[in-house]
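In what follows, a structure is listed as structure tokens, so that the remarks can point back to it.
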Amino acid sequence: MDVTDLLDGLNDAQREAVAAPEQHLLVLAGAGSGKTRVLVHRMAWLLRTGQASAHGIMAVTFTNKAAREMRDRVEKLLNVPSRHMWIGTFHSLAHRLLRHHWREAGLPEQFQIMDSDDQLRLIKRLMKQMQIDDTKYPPKQAQWFINQQKDEGVRAQYVQGVNNPFERTMAGVYDAYEKACQQSGLVDFAEILLRSHELWLNNPDLLQHYRQRFRHILVDEFQDTNAVQYAWLRMLGGSQGQAPSATTNYLMAVGDDDQSIYGWRGARIENIQRFPQDFAGAHTIRLEQNYRSTMTILQAANEVISHNSGRLGKNLWTEGEQGDPISLYAGFNEQDEARFITSSIDSWVKQGHKKGSVAVLYRSNAQSRVLEEAFIREGIPYRIYGGQRFYERLEIKNALAYLRLIQSRHDDAAFERVVNVPTRGIGERTIMILREHARSQGISLWQAAHEARELGLLTARAANSVEGFTQLIDRLSAQTLDQTLDETVHYVVEKSGLIEFHKKEKGEKGQARVENLQELVTAAQEFDVGDSEEPPLKTFLDEAALDAGDAQAEAFEDSVQLMTLHSAKGLEFELVFLTGMEDGLFPHKMSQDDPQRLEEERRLCYVGITRAEKKLYLIYAEHRRLHGQDHYGRLSRFVKEIPTTLVEEVRLKSQVSRPVSSQRAYRDTAALDDSGLRLGQIVSHPVFGEGTVLNFEGSGPQARIQVNFRAEGSKWLVLAYAKLEAVNSERC
DNA sequence: GAGCTACGTTTTTTT
DNA sequence: AACGTAGCTC
């Protein structure tokens, strides 16, 4: 069969990766180097050359989006359905294993996936039961602790460092949590991975079966794997034992150590760094030719990232043009920062560009508010990328809980969530009784609800309400028996009273919620049940639990994209603004004292820079109000790492605006007038160098001035002695 | 059970 | 500053 067309249009490194002989491969794919293309073509190559069958390939990603894209592209390239190929996220593939082998995995057949919301509720409840002071030990931290341990593959009984009281308490909660999950057949996200790893560990035959089946494993974003994922992959794809003949599987790891930005949630950059050692005979290929950005942008990115240590090493280059210089703008404050951005976007759009070609990136979500306000004021359509996801919304989770109860009456998390939504007179008191009874009898809340009534544990009124609820569920269940999936969803959303409930809610919020519920029905209509033997509803619910659902389901107006640097990974835009380029904000102050975390921040900066195709703006604010406090940040060290020859400072001709309102602003103006200086003015000091005027105080010989110096940070000086010189700021 | 107030929190996010 | 939550009152 002719396979050369699969190499058409690829560069040498890409070809090498696609057509490599059977061996472990590490593909270091720089930003914009065509990594998905290589991955997809490699799969096609393996199939077409007969080195693998569709049955024998596994392709793993982190997000559903990436999995979907890979699937689509394979289908398009080969023009065959990819149905029975194992392409999916770590979680969906591991979940598939657990569903097939629930018995061996020590799970009930109807085990339920719990999202982080459910998880936190459970932890809170357990901690209350254990009478742990939740001010000293916040449940959020317990959740964090548990997930961290699980990501590392550590079970409760093996937790280290239980000498200090905090860790001991946390370990205790973890232990209770583990037991509670096991008892109710609940599985959290980390558990899916850990459990499926243990499944193989404890069932060598099973592992052997899958090893024989999946001879070729391809992994995307390898730098983001955590300890368990890595162990899982090594088990499946790694060399087994010492016998050379035992090495029959081939792992292709595609990733970029320079884009590892998820260390804080368990990702281990070491996994990619030591891949060549752990996977014997691995061949490393570097994709360094970039098809996205101008040379200027790549030079800046290369230069910044070169300040990191222990890199596998990589240098992006392009055949494209040098492009525009990077623009650096010093805003007076965050409002000025936002204003500059909107006006720059205005002229960009006037030049005939689409708003959708622009992204404004920030380190933390708190920064988005001011930007949003500016966009609204200027009437520029924008969209916030990320944020709350569809399946995480309260009303959606409630609707899903009803569906889950129909699926399985013994789903306690679902029971608790909606037993009183819409309100039907079942209060905390009643639920406590049910919980207590369920716990003592080792039964589900559903069963407890029935027994409690029969045993007369409830007041007449409560018993009545509870019966109303259980009857409602039974009725919904009976009535939807012969319905299709979307009919069921539609029916349940209506008859559960949720629509009615949210309609009564005041404000636009209720309206939006009703719309979301309708959107859920649409999602059910469009849901592809596939060839699963399970009931469609179960498949739908499982998938919903593992798919946050893209938040961007909304109408597709041409709009500017606002997002955090983290969510920008993998995306590209012609014009990119990196905002808040101040030490303390970016790099974030929580990270700047730890060299490792600082390097991760630098990688984040690298990710940000390499999002830009044509033009990059770096923006910072001399003065920023954050969480109600003033900050006088200094230019981010990362900006200083960019060669000055690539950067051009921008200063607006129009005067920088002062803080509005307030008596002080008025007084400041007076003080400014007789000094000849004004707020936002660039001044030069014989010792401290250049800086920006931030504030004024007093008048005459007592007048003091606050200047934020580039190199020294902000200082108060006595105007009469300061020997400040105004720097001409009209050079642009 | 709803509505109000006071208090605490606040890096980054996927599954 | 702004938002969510917890606890309190009616």
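Chain letters run A, B, ... following the sequence lines, proteins first and then strands; every chain starts at 1.
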Under 3.5 Å, is there a donor-acceptor pair linking the side chains of A:Arg624 and A:Asn333?
no

Between C1' on C:dA1 and CD on A:Gln629, what's the gap in Å once rounded to a whole number?
11 Å

For DNA chain B, determine which residues of residues 413-427 of chain A have any heavy atom closer than 4.0 angstrom to one of its atoms, and list them numerically.
A:Asn420, A:Thr423, A:Gly425, A:Ile426, A:Gly427

Enumerate all atom pairs, one protein N or O and one N or O from nucleotides 6-10 of chain C, separated by less than 3.5 Å.
from  : atom 1 : to       : atom 2 : distance (Å)
C:dA6 : OP1    : A:Lys124 : NZ     : 3.2

Could you report the tightest heavy-atom contact between A:Ile87 and A:Ala67, atom names first, then the distance?
CG2-O, 3.8 Å

With a 4.0 Å cut-off, would you call A:Asp542 and A:Arg404 a salt bridge?
no

At their closest point, which heavy atom of A:Ser92 faces which heavy atom of A:Thr89, and how far apart are they?
N-OG1, 2.9 Å

Non-hydrogen atoms of A:Leu626 and A:His631 that approach each other most closely
CB-CD2, 3.7 Å

Whole angstrom is fine here: how far is it from NE2 in A:His631 over to P in C:dA1?
12 Å

Using 30° and 60° as the class boundaries, would you call the ring planes of A:Phe214 and A:Trp86 parallel, tilted or perpendicular?
tilted

For the aromatic rings, using the six-membered ring if either is Trp, is the centroid distance between A:Tyr362 and A:His566 under 6.0 Å?
no

Ignoring hydrogens and geometry beyond distance, is a side-chain donor-acceptor pair present between A:Glu395 and A:Asn516 at under 3.5 Å?
yes

Could A:Asp258 and A:Arg602 be called an ion pair, given the rule that one side-chain N must be under 4.0 Å from one carboxylate O?
no

Using a cut-off of 4.0 Å between protein heavy atoms and nucleotide atoms, how would you tag nucleotides 10-15 of chain B 5' to 3' with B, S and -?
BBBBBB

Between A:Ala449 and A:Leu434, which heavy-atom pair has the shortest distance, and what is it?
CA-CD2, 3.7 Å

